[in-house]
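A short write-up of the structure that comes next.
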Amino acid sequence: AAPFIRRRRTLASQVAEAATWVAAQGGRDITSDIATLQLAQAARVLDRWIDFWVPFLEAARERGEVRGDLDARQAGEWIMRMIISLVTIPSVTVDLHDRDQVRRYVTDHIVNGFQ
């Protein structure tokens, strides 16, 4: 998903792209990592995912998209928890197979929480 995420210019669109990509894959690429999280190596797997998001969050801070004191690691963890929930918990308000709906859903909710 990284090449698709990097093409986006805002944090909200980057997270939305990640969410739509994972949802479109039916969670296949993340499923083994989730199983690992549930078994024994949760901290290591989650740490790797957080590290992926830190540069995107720092760039968003430089662009003024998020508040200056945002903890990038905590925000990265929140992003991953949100994406995991999109894959593992059915939605009653959003068609998780509709990329446009997922993008709107993520974009509408992520920006306010990080400003």
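Excluded from the calculations below are hydrogen atoms, water molecules and symmetry mates; all remaining heavy atoms, backbone and side chain alike, are included.
- The two residues V15 and M82 have their closest heavy-atom pair at CG1-CE, 3.5 Å.
- Taking CG of L11 as the start and CD1 of I79 as the end, the distance is 5.0 Å to the nearest 0.5 Å.
- Checked against ring pair (Phe, Tyr, Trp, His ring centres under 6.0 Å), F56 has the following partners two or more places apart in sequence or in another chain: F52, W53.
- Counted within 6.0 Å of CD on E58, heavy atoms from surrounding residues, nucleotides or ligands total more than 12; the atom is thus considered enclosed.
- The heavy-atom pair separating V106 from A19 by the smallest distance is CG2-CB, 3.9 Å.
- A salt bridge is absent between E77 and R73; no separation between the charged side-chain nitrogens and carboxylate oxygens falls under 4.0 Å.
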Applying side chain to side chain contact (heavy atoms under 4.5 Å, CB included), run through Q101 and R104 and close with a yes or a no.
-> CA-CA 5 Å; Q101 282 190 41; R104 273 193 307 277; 3.5 Å; yes
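- For the atom pair CG of L96 and OH of Y105, the computed distance is 8.0 Å after rounding to the nearest 0.5 Å.
- Considering all non-hydrogen atoms of both residues, A75 and L70 come closest at CB-CD2, 3.9 Å.
- Minimum heavy-atom separation, T107 to A16: OG1-CB, 3.9 Å.
- The minimum heavy-atom distance between A18 and I5, with the atom names listed, is CB-CD1, 3.6 Å.
- Among residue pairs with one or both ends in residues 5-15, those qualifying as salt bridge (Lys or Arg N to Asp or Glu O under 4.0 Å) are R8-E17; sequence neighbours excluded.
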Show the numbers, then the answer: is there a salt bridge (charged side-chain N to carboxylate O under 4.0 Å, His left out) between R103 and D100?
-> CA-CA 5 Å; R103 280 192 183 100; D100 290 333; 3.8 Å; yes
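- Between I83 and W49, every side-chain heavy-atom pair lies at or beyond the 4.5 Å cut-off.
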